[in-house]
There are 2 protein chains.
Amino acid sequence: MSKKQLIMESALELFAKQGFEATSVQQITEHAGISKGAFYLSFKSKDELIIGLIDHFMQEFISDIDHVVKNHNEDKNLLNEFYKSAFHSFQKHSDFAKIFIKEQSQTVNEDLISKMHHYDKQIDKIILEMLERLYGEEVRYTKYDLIYCTKGFIHTYSHLFLFFNVPLDLNLLSQSLAEKTYLLARHSETTFISEELYQSFNEMPEEKVTKEQIIEIIEQKIEEVDESTECESLVLLKQHIQEPNLSPVIVKGLLSNLKDHPKCKQISYLLRNYLEL
Amino acid sequence: MSKKQLIMESALELFAKQGFEATSVQQITEHAGISKGAFYLSFKSKDELIIGLIDHFMQEFISDIDHVVKNHNEDKNLLNEFYKSAFHSFQKHSDFAKIFIKEQSQTVNEDLISKMHHYDKQIDKIILEMLERLYGEEVRYTKYDLIYCTKGFIHTYSHLFLFFNVPLDLNLLSQSLAEKTYLLARHSETTFISEELYQSFNEMPEEKVTKEQIIEIIEQKIEEVDESTECESLVLLKQHIQEPNLSPVIVKGLLSNLKDHPKCKQISYLLRNYLEL
DNA sequence: TATACTAATGACTGATTGGTCATTTGTCAA
DNA sequence: TTGACAAATGACCAATCAGTCATTAGTATA
């Protein structure tokens with residue numbers, strides 16, 4: 001085994017047990033039986049290591065489930081096989097699965113967040129393809145909700161064997177979830193995640209709106225809006241963007257003024273992201 | 001506001017943004033505008049702080065949803081109101097919700113894990129009560145699965161407004177999830193989480209099996225089992241428990257010998273927990 | 001054996017960590 | 001004004017962190 005692989009395996013185990021932040025490079029090298037210097041011959045930094053781990057396993061995971069969806073011909077069993085493949089991967093690489101689930105939501109490193117996002121989007125795409133193939137027009141309005149339900153199922157049930165390590169019958173589990181997914185696809189009628197809403201989630205991260213763009217949109221809205229409260233709030237916020245001069249609580253209040261006005265919802269959302277509130 | 005509250009609010013914000021491990025006491029005190037010493041007048045340690053936060057908010061969250069379930073009389077709307085209450089709490093205390101979701105799976109502190117477990121069990125109890133009241137005998141065999149589906153829904157959809165902070169219509173979301181839960185309760189027929197399985201998850205943490213108990217059970221199994229592979233594996237494992245002398249990979253192999261034998265499944269599971277594999 | 005090269009080491013750096021404690025500051029009543 | 005007490009400080013501690021680099025060990029060619 002290459003030194004790089006050795007380090008990755010040791011790190012995987014420790015990250016799964018203690019978390020990324022709580023694991024030191026020292027611990028990893030001790031566990032791998034190498035010196036600290038040797039670590040930095042294989043990885044430029046601790047961050048590069050976790051990114052390497054995530055790339056390695058996510059690519060495998062995604063190509064696995066993609067293969068199942070693309071190559072399985074019997075529609076009748078596709079859902080079942082999909083879940084089986086997903087859980088099988090999670091069980092096989094349970095240490096990685098733990099890291100993935102834990103580090104998914106909140107992580108300091110900026111690159112990691114967008115990386116996670118990227119892979120999450122790919123998973124969505126595969127699930128979407130599967131749902132469209134199986135149910136077509138029938139799930140036209142509910143398919144985005146079904147994506148989230150499917151991911152929710154996988155997440156919650158993964159906990160069982162990842163964090164309790166009880167031996168489970170993954171075939172039965174997959175069958176049970178396939179039935180649930182089928183039921184929702186066939187009978188669910190309420191749409192919560194519309195196509196527009198779904199797009200708005202998934203376009204956001206790349207946007208990285210600049211100050212100039214924000215100001216331009218604000219000026220545009222000021223022209224559009226008639227109500228004095230909303231208009232004055234926009235003027236003050238524009239000044240604050242150009243040269244920060246308002247306390248957080250005031251900014252928050254001004255944003256509250258906007259959040260319910262139909263024409264200002266979007267700018268309120270953009271500002272909140274831009275100002276990281 | 002008391003100093004203790006001030007610290008808790010500052011910490012909440014920073015923990016949500018960076019995570020518990022990645023946030024230092026220094027950062028918290030700077031953010032709160034107090035000295036480092038003052039922090040330790042209110043909290044014995046950083047760990048005590050996070051436990052305090054979790055207790056504070058979880059007690060509120062649980063009593064909120066419990067109140068909804070116990071006091072809402074129109075069964076027709078109960079599911080809807082339940083989800084509304086849960087999401088409302090998550091939105092109101094979004095910083096805490098982020099911490100809860102993130103720190104739920106993996107955390108170093110031993111007390112925190114059992115605390116999280118304890119609250120998770122309480123949530124399960126409330127959901128179970130609701131499901132039994134609404135569907136009674138109809139969900140006799142599927143109710144434990146429904147608990148996990150419900151929690152999965154809440155988890156996945158929470159992500160949307162917690163980590164993308166897109167403004168969402170929580171009423172519509174609750175309605176949509178109520179419909180899904182209803183569909184699953186009415187039509188789902190496959191049971192994955194049986195009552196026995198569910199109990200086995202929730203009894204485990206308190207057990208804390210001792211070395212003596214483990215050895216007793218092993219000796220018992222050795223008598224019971226006829227096959228030489230299983231028997232010899234048990235003998236070696238027993239010696240290893242009494243005085244560790246085998247490498248991890250060998251122990252793993254021995255456990256593999258046991259895991260498929262019907263009479264050895266339980267001991268294999270106990271040993272894996274005891275040895276923290 | 002001598003030379004040239006890479007692989008690997010671990011002592012080291014400067015920064016930061018959670019936590020302590022002698023000292024200072026602020027606030028009372030006398 | 002004094003003295004007593006609590007509240008608050010921040011310099012300080014040992015431990016640990018991520019990361020560096022002069023040095024050594026190991027290996028292959030000549």
Side-chain angles (χ1 to χ4, degrees), chain A residues 1-56 95 99 102-103 106-113 115, chain B residues 1-56 95 99 102-103 106-116:
Chain A
M1 188 186 342
S2 77
K3 195 130 287 183
K4 203 160 177 167
Q5 271 181 291
L6 179 69
I7 294 170
M8 284 173 86
E9 283 189 16
S10 293
L12 199 65
E13 208 179 311
L14 293 167
F15 287 165
K17 210 185 289 170
Q18 317 169 338
F20 175 69
E21 293 287 342
T23 303
S24 69
V25 174
Q26 194 115 293
Q27 279 179 286
I28 296 166
T29 58
E30 274 169 19
H31 189 275
I34 59 167
S35 70
K36 208 168 168 195
F39 174 90
Y40 287 95
L41 293 176
S42 296
F43 295 95
K44 275 215 289 282
S45 66
K46 196 182 156 191
D47 279 5
E48 200 192 82
L49 166 61
I50 182 99
I51 287 177
L53 282 171
I54 291 199
D55 278 336
H56 180 264
D95 277 341
I99 297 170
K102 186 160 147 181
E103 233 68 36
Q106 151 247 352
T107 181
V108 191
N109 190 307
E110 195 65 32
D111 287 351
L112 242 188
I113 294 178
K115 191 134 261 175
Chain B
M1 193 188 334
S2 78
K3 194 131 289 184
K4 202 159 178 168
Q5 270 181 290
L6 178 70
I7 293 170
M8 285 173 87
E9 283 189 16
S10 292
L12 199 65
E13 210 178 311
L14 293 167
F15 287 166
K17 211 184 288 172
Q18 317 169 337
F20 175 68
E21 292 288 341
T23 302
S24 69
V25 173
Q26 194 114 296
Q27 278 178 287
I28 296 167
T29 57
E30 274 168 20
H31 190 275
I34 58 166
S35 70
K36 208 169 164 194
F39 174 92
Y40 287 94
L41 293 176
S42 296
F43 294 95
K44 276 215 288 279
S45 68
K46 196 183 156 192
D47 279 5
E48 199 192 85
L49 166 61
I50 183 99
I51 287 177
L53 282 172
I54 292 199
D55 278 337
H56 180 263
D95 277 340
I99 297 171
K102 187 158 145 183
E103 233 68 36
Q106 152 246 352
T107 184
V108 191
N109 189 307
E110 194 67 31
D111 287 351
L112 243 187
I113 295 178
S114 62
K115 193 135 259 181
M116 286 293 201

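Naming: A, B, ... by sequence-line order, numbering from 1 per chain. What's counted below: heavy atoms across the whole structure, side chains too, no hydrogens, waters or symmetry copies.
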Which listed nucleotide ([options]) is nearest to the side chain of [X]?
| X | options | answer |
| --- | --- | --- |
| B/I34 | D/dT9, C/dG19, C/dA8 | D/dT9 |
| B/S24 | D/dT9, C/dT17, C/dA8 | C/dT17 |
| A/S45 | D/dG19, C/dA8, D/dG10 | D/dG19 |
| B/L41 | D/dA8, D/dC17, C/dA8 | D/dA8 |
| B/Y40 | C/dG19, C/dA8, D/dG19 | C/dG19 |

Does B/K46 put a side-chain nitrogen or oxygen below 4.0 Å from OP1 or OP2 of C/dT17? no

Go through it in stages, so that I can follow the logic: the residues are A/I50 and A/F43, the test is side chain to side chain contact (heavy atoms under 4.5 Å, CB included), and I'd like the CA-CA distance, side-chain angles, deciding distance and then a yes or no. CA-CA 10 Å; A/I50 182 99; A/F43 295 95; over 6 Å; no

Which part of the nucleic acid, if any, lies within reach of A/K36 when heavy atoms closer than 4.0 Å are counted: base, sugar-phosphate only, or nothing? base

Which part of the nucleic acid, if any, lies within contact of B/S42, taking any heavy atom under 4.0 Å across all strands shown: a base, the sugar-phosphate backbone alone, or nothing? nothing

Please report the distance, rounded to the nearest Å, between [atom1] in [X] and [atom2] in [N].
| X | N | atom1 | atom2 | answer |
| --- | --- | --- | --- | --- |
| B/E48 | C/dG19 | CD | P | 10 Å |
| A/I7 | C/dA8 | CD1 | C1' | 11 Å |
| B/E21 | C/dT16 | CD | P | 18 Å |
| B/D47 | C/dT17 | CG | P | 16 Å |
| A/K3 | C/dT6 | NZ | C1' | 12 Å |
| A/F39 | C/dA7 | CZ | P | 17 Å |
| A/Q26 | D/dA15 | CD | P | 14 Å |
| B/F43 | C/dT20 | CZ | P | 15 Å |

Against the six-membered ring of A/F39, is A/K46 placed for a cation-pi contact (under 6.0 Å from the centre, within 45° of the normal)? no

Calculate, to the nearest 0.5 Å, the distance between atoms NE2 and CE belonging to A/H56 and A/M8 respectively. 5.5 Å

To the nearest 0.5 Å, what is the distance between NZ on B/K4 and CG on B/L49? 9.5 Å

Report the residue (A/A38 or A/V25) whose heavy-atom-nearest nucleotide on DNA chain D is the more 5′ of the two. A/V25

Looking at A/T23, is its backbone amide N or carbonyl O close enough to the side chain of A/Q27 to form a donor-acceptor pair, meaning the two atoms are under 3.5 Å apart? no

